[in-house]
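Written below as structure tokens is the structure these notes are about.
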Amino acid sequence: MNAKKYFPTALALYFTYFIHGIGVSIIGQYKQDFASMWGADKLADGTFDVSMVLAVIAALGLGRLFTLPFAGPISDRFGRRLSALIGVAFYACYFIGLVFSPNMYVAYFFALLGGAANSFLDTAVTPSVLEIFPKNGAIANMFTKFSISIGQFILPFVIGMVAGANMSFKTIFIATCILIVIDGLIIAFLPFPPMNANVEKVATEAKKEKMRFSATSWAVIAIGFTCTATFQLWLNCNQELGALYGLSDPSKIQSFYSMGSMLAILVTAVLVKKWIMPVRVLIIYPTVATIMLLIIYFVQTPAICLIGGFVIGYAAAGGVLQLAVSTANEFFPANKGKITSVVMIASSISNYVILNIASYITKAGGVDGPKYVLLFNVAITVIGILLAIFVNMRYKKELERTNPEAAKIQFS
């Protein structure tokens, strides 16, 4: 196969993840605007109660959860192109629908579509880049996360430009919708590589091997829940925290967060290739994130929000979820697709449940709500560390039981 033929396809698919990076972050940047638009109550300090906006953000995870079980089969049966185009169409509806929603209930529906868009892009983009770059699949897949981080990095600068030009915040939503529609039209006509020739063989082997979940594998799946909670809570609640701590432009936190996550992807790729086992990172990075969250809680200054944004971007959003998926795949070598879906479903449940809890904490906490959310984040992250310690203690034994060849390579 001539891989160069599909390079434009790969770029177009990576661009959908660039838009996705904006899509999952942008509501959090305009919580006050949406709260005002949807008739939220005002707090004692004059700001709007954003709990309803957090509930809408949580719907992204619910939409993803609903569609993950069948987005993959659609991609495998009808092709990556169709799955990508469905994702593009849902994202276009999401961007336009949000800014014209008269209340949170209509917005909730469009957020569900945004979550569904994520599912269909996941099941189109990742398999496609693995098929385009079969010899460098891991690196190719890491660039999906890198594309997301770039989108999150530039978003605050675009927000600043729009505000400086006295344009409505809706401008970014409309422009992003136009961009992803154009990208979808390009994807519709670009060539896609043939799907793996051994799909039927792999599927047959997977059916023969019954998946047996041990305490170790369940712990890895649970890490998919906790690590998602860590970065989602920070991603969607840092703006109010920055304002509470006196930061003049809280949107800058997003840029520092994105820089941290981009650096982590590059550094972690080198670390796990040369010096450290991926399963060890599942302890190290959440520990760093926990320490940073505690520092932010006790050192209440504007600067600490920016420093914290970078560190949490590195330690919480720099590949921990991807490494949890990789670890789970090692335990189920003949059922990679299924176990990947299970971990991502845990991630989606986290996105929905944790942000709904955060919305209640925010509402009950009033002006100090962001600090209580911070402590909630610490508690969730500590649980993730304990799970990772348990996995590390059982890792070698579990791998020898489920995947002897991988165990032999890693521990020889």
Subject >> Closest heavy-atom pair and its distance - Val181, Ala92 >> reply: CG2-CB, 3.8 Å
**OP:** Determine whether the side chains of Thr123 and Ser83 contain a donor N or O and an acceptor N or O closer than 3.5 Å.
**Re:** yes
Original post:
Name the one of Thr16, Ile182, Ile186 that satisfies side-chain contact (heavy atoms from CB on, under 4.5 Å) with Val88?
Top reply: Thr16
Original post:
When rounded to the nearest 0.5 angstrom, what distance separates OG in Ser261 from CD1 in Ile148?
Top reply: 9.0 Å
Subject >> Donor-acceptor pair, side chain of Tyr352 and main chain of Leu60, under 3.5 angstrom >> reply: no
Subject >> Side-chain donor-acceptor contact under 3.5 Å, Gln232 with Ser350 >> reply: no
Original post:
Is there any ring-ring contact (aromatic ring centres under 6.0 Å, His included) pair reaching into residues 155-182, and which pairs are they, with sequence neighbours excluded?
Top reply: Tyr30-Phe169, Phe34-Phe169, Phe34-Phe173, Phe153-Phe157
**OP:** Determine the interplanar angle of the Phe90 and Phe120 rings, folded into 0 to 90°, and report it as parallel if under 30°, tilted if 30 to 60°, perpendicular if over 60°.
**Re:** perpendicular
Original post:
In terms of side-chain heavy atoms, does Asn392 have a donor or acceptor partner in Arg280 at a distance below 3.5 Å?
Top reply: yes
Original post:
Does a sphere of radius 6.0 Å around NZ in Lys170 hold more than 12 heavy atoms from other residues, nucleotides or ligands, not counting ones at 6.0 Å or beyond?
Top reply: yes
**OP:** Would you please say whether a donor-acceptor pair under 3.5 Å links the side chains of Arg80 and Ser75?
**Re:** yes
Subject >> Value rounded to 0.5 Å, distance of CD1 in Ile361 from OG in Ser51 >> reply: 12.0 Å
Subject >> Ile354 CD1 to Ser359 OG distance, which is reported to the nearest 0.5 Å >> reply: 11.0 Å
Original post:
What distance do Asn351 atom CG and Asn356 atom CG have between them, rounded to the nearest 0.5 Å?
Top reply: 9.5 Å
**OP:** List the atom of Thr9, the atom of Pro191, and the distance in Å for their closest heavy-atom pair.
**Re:** OG1-O, 2.5 Å
Original post:
Just by modelled atom types, is the Phe48 backbone N or O under 3.5 Å from a matching donor or acceptor in the Gln32 side chain?
Top reply: yes
Subject >> Flag, side chain of Asn238 to backbone of Trp234, donor-acceptor distance under 3.5 Å >> reply: yes
Original post:
In this structure, which one of Phe331, Phe390, Phe213 forms a ring pair (Phe, Tyr, Trp, His ring centres under 6.0 Å) with Trp218?
Top reply: Phe213
Subject >> Thr171 side chain to Met167 backbone, donor-acceptor under 3.5 Å >> reply: no
Original post:
Should we say atom CE of Met161 is surrounded by more than 12 heavy atoms from elsewhere, each under 6.0 Å from it?
Top reply: no
